[in-house]
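Take a look at the structure set out below.
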Amino acid sequence: MQVITGQEEDSGYTISTPAGTSRGLSAADWVAEVRRLEEAEAPRWVLPSVDELYPKLIDAGVRLARCHDLGLAEGLLLAYEGREGESRSLRAAWARARGEEAPDDGPAFGEAAQPTLFSPRGPGLPEGVTVADAARRVLAEQEKRVAAVAAPGRMRLLLAAESASALAAAEMSAAGLPWRADLHRALLETRLGPRVPSGQRPKALVALAARITDAFGGRPVNPDSSPSVIRALAREGIEVPAARKYLLRDIDHPAVPPLLEYKELSRLHSANGWAWLDEWVTDGRFRPHYVVGGVVSGRWATRGGGALQIPKVLRTCVRADPGWKLVVADAAQLEPRVLTALSGDRRLAEVSAATDLYARLGEALFSGGRYVPPPSGSSDDRSRAKIAMLSAMYGGTSGEAGPLLALLRQRFPDAVSYVEQAAAAGERGERVRSRLGRTSPAPSAAWRALTGGLADDEATETRARRASRGWGRFTRNFVVQASAADLTAVLLATLRGRLPAPAHLVFFQHDEVIVHTPAELAAEVSALIESTVTESAQLLFGDACPVHFPMQAIPVDTYADAK
DNA sequence: TCCCTCTGCGCC
DNA sequence: AAATGGCGCAGAGGGA
């Protein structure tokens, strides 16, 4: 059974089942009715926006098993159809479904993501049109549009996985990542000194700034200001184009060591200091807000808290509750494996049998001994193999990448030509798609103007060429990154339905999940994750796909122990 | 004062 | 000759 629910602009909530529609429900009545229906029938819920509605249900203790998120589906379908600039609001989708011109009332794809992309609020539906009516109409239209794509089965899988991912995201935000604020505070105090009011430099930073100034002969230098650092070095006869860490590292000057230490500690203070703790950690949990599909490639983004960049030094603060474990599972070298599966490169599939793909690839590429690395080149076969593969996926050509990529192309032509065709399509301004149908956006009008015409001078020609190559690098990477996002969406969707209660997902980041589980279930959870990734890959690439997708799940007490 | 861009760095 | 993809966030600094 299918049940539509949503929030009407001022008149409360609505629930529409085949038996009839209830409107104007209070929040409490709505929650009760959703709970009743979920327990009785576990229907497929159709929601304008999981992100907007589901947290309220979770707060009330209600979990939904299955749903269809109209807004996420609308975004994916619009992108597929090459209309990603159009609004994804319910009102706009409803208008389009009726063949009317849609109001331009929402953020376009790729623009700053608003908290809700598919809110029934904002410019609302016309008088007399209910959320249920509009949702039903949009859903029917979406089903038609799915049937019209080249591979409808894959698109259906994508929409289901994306919707379930949205449920998982809301559940993870609600549960939160176990975070020991006491350990975090102790770490800050050890490294920075006692807490200071915001806007002030902690003791350790004050001392380092003084050492930096001394090393520059007593003339004040602000280590927070790159122009100031660059000028100070120039006065010492050292020319640097920027004050970046990797540029400073090799400079022999007494100011450099304290400068590097300052940068590291200053980062800790400003990005994950006391203010961060105050804002993001409550009751021993870090609760970021995930934005499902917030990145054009389908990767997730987060809003606030920088959840996708938890620094390594702070992972020791991520600890399981007493009697519980964190099962940390990381898909090893996900993107090269996805490329292997996408391209059907059989020889690379053999390489993928190894858990350490790059090590095996190194053997495959260099065992003949014919490759002569340049003097300044990478140190060993494994790192050379990694550079070759990353260059294929990112379009890199600097340093050693060119010859290494040539070697990779020679040995694994199917895999390399797959990304090179995607790059060529991008250079022509065409769109590319992921395995399940996520579609790259069209390049901007400015890009078309620059690359489309005949250049009348060399400088323009060069700019056009550069823009074209740049977009090619984007589409080259898109096919891999977006297909990896397909795979992890299916993985999350499957996993959330299978975890043995009370084990639950608490974190997801690109190719990594963390499950918080009672210790006695940790082994079961680990095995479940490992088998689920294999199944998810089969759903994407077919049962006969020979590519191995290892996902080692490790039960630990602290995240820091996972690697 | 506010707003914007740039720089730099954390993560995958 | 060289050009690697995707993000979020904070602080500096410039312009309005």
Side-chain angles (χ1 to χ4, degrees), chain A residues 110 112-113 198-199 201 205 222-230 240-249 259-260 262-273 275-276 279-280 288-291 293-315 330-336 338-339 386-402 404-405 419 422-423 426 432 438 440-441 462-463 465-485 488 507-513 559 563:
Chain A
S198 72
R201 272 184 189 154
L205 290 182
N222 177 7
D224 285 323
S225 161
S226 48
S228 171
V229 171
I230 292 167
V240 283
R244 290 177 165 261
K245 196 163 69 175
Y246 72 97
L247 293 168
L248 300 183
R249 204 155 35 202
L259 205 43
L260 292 177
Y262 183 94
K263 278 174 181 287
E264 188 190 336
L265 291 183
S266 162
R267 167 94 198 162
L268 175 66
H269 177 232
S270 67
N272 297 99
W276 183 91
E279 189 172 355
W280 294 104
H289 184 112
Y290 296 97
V291 185
V295 178
V296 281
S297 63
R299 277 185 170 185
W300 292 16
T302 55
R303 209 175 49 240
L308 301 186
Q309 337 148 221
I310 298 172
K312 296 227 156 89
V313 294
L314 288 182
R315 294 187 179 185
D330 177 305
Q333 299 118 17
L334 180 62
E335 293 193 347
V338 164
L339 172 57
K386 189 171 174 179
I387 291 171
M389 184 55 83
L390 293 180
S391 307
M393 293 188 303
Y394 293 163
T397 52
S398 65
E400 240 186 317
L404 286 172
L405 181 52
V419 277
V432 294
R438 294 185 201 270
S440 67
T462 306
R463 279 173 55 224
R465 190 85 197 123
R466 192 168 294 164
S468 171
R469 286 291 175 85
W471 199 254
R473 279 193 298 279
F474 169 60
T475 53
R476 169 195 290 265
N477 185 247
F478 183 95
V479 292
V480 178
Q481 194 180 107
S483 299
T488 54
F507 188 65
F508 168 66
Q509 161 175 252
H510 309 316
D511 60 357
E512 183 180 9
V513 297
Y559 191 16
K563 271 183 197 166

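Not measured: the values here are computed from a predicted model.
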Categorize [X] for me: base, sugar-phosphate, or nothing, with a 4.0 angstrom heavy-atom threshold over every strand shown.
{"X": "R465(A)", "answer": "nothing"}
{"X": "S391(A)", "answer": "nothing"}
{"X": "S266(A)", "answer": "nothing"}
{"X": "A242(A)", "answer": "sugar-phosphate"}
{"X": "Q481(A)", "answer": "base"}
{"X": "I310(A)", "answer": "sugar-phosphate"}

Report yes if the side chains of R267(A) and E264(A) come closer than 4.5 Å at any heavy-atom pair, otherwise no.
->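 SC-SC contact between R267(A) and E264(A) ruled out.
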Find out whether F474(A) and Y394(A) are in side-chain contact, i.e. whether some heavy atom of one side chain is under 4.5 Å from a heavy atom of the other.
->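 Heavy-atom side-chain distance check fails, nothing below 4.5 Å.
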Closest approach of S266(A) and L205(A), non-hydrogen atoms and distance?
->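 Minimum heavy-atom separation between S266(A) and L205(A): N-CD2, 3.8 Å.
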Going through the distances and angles, do H510(A) and T488(A) end up as a side-chain contact (heavy atoms from CB on, under 4.5 Å)?
-> CA-CA 7 Å; H510(A) 309 316; T488(A) 54; over 6 Å; no
Atom [atom1] of [X] to atom [atom2] of [N]: distance rounded to whole Å?
{"X": "R267(A)", "N": "dC9(C)", "atom1": "CZ", "atom2": "P", "value": "11 Å"}
{"X": "L405(A)", "N": "dG5(C)", "atom1": "CG", "atom2": "P", "value": "14 Å"}
{"X": "Q509(A)", "N": "dG6(C)", "atom1": "CD", "atom2": "C1'", "value": "12 Å"}
{"X": "R438(A)", "N": "dG6(C)", "atom1": "CZ", "atom2": "C1'", "value": "14 Å"}
{"X": "W471(A)", "N": "dG5(C)", "atom1": "CH2", "atom2": "P", "value": "12 Å"}
{"X": "E400(A)", "N": "dA2(C)", "atom1": "CD", "atom2": "P", "value": "13 Å"}
{"X": "Y394(A)", "N": "dG6(C)", "atom1": "OH", "atom2": "P", "value": "10 Å"}
{"X": "F474(A)", "N": "dG6(C)", "atom1": "CZ", "atom2": "P", "value": "6 Å"}

Is there a side-chain polar atom (N or O) of S225(A) under 4.0 Å from OP1 or OP2 of dG13(C)?
-> yes
Does a side-chain N or O from R473(A) land closer than 4.0 Å to OP1 or OP2 of dT4(C), or not?
->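 Answer no for this pair, as no side-chain N or O of R473(A) is under 4.0 Å from OP1 or OP2.
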Under 3.5 Å donor-acceptor, [X] side chain and [Y] backbone:
{"X": "R438(A)", "Y": "S483(A)", "answer": "no"}
{"X": "T475(A)", "Y": "F478(A)", "answer": "no"}
{"X": "S297(A)", "Y": "A482(A)", "answer": "no"}

May I ask you to decide whether E335(A) forms a salt bridge with K386(A), counting only side-chain N to carboxylate O separations under 4.0 Å?
-> no
From CA spacing to verdict: side-chain contact (heavy atoms from CB on, under 4.5 Å), S440(A), V296(A) = CA-CA 7 Å; S440(A) 67; V296(A) 281; over 6 Å; no
Donor-acceptor pair under 3.5 Å: do we get one between T397(A)'s side chain and the base of dA3(C)?
-> yes
Mind running side-chain hydrogen bond (donor to acceptor under 3.5 Å, both in side chains) on R201(A) and Y262(A) for me, showing each step along the way?
-> CA-CA 11 Å; R201(A) 272 184 189 154; Y262(A) 183 94; 2.9 Å; yes
Inter-axis angle, terminal five-pair segments of the helix from dT1(B)-dA16(C) to dC12(B)-dG5(C) [nearest 10°] =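 End axes: 10° apart.
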Nt span of DNA chain B in reach of chain A heavy atoms at under 4.0 Å, 5' end first, is dT7(B) to dC12(B)
Return the 5'-most residue of the pair S297(A), W280(A) with respect to DNA chain C, ranking by each residue's nearest nucleotide.
->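 Its nearest nucleotide being more 5', the pick is S297(A).
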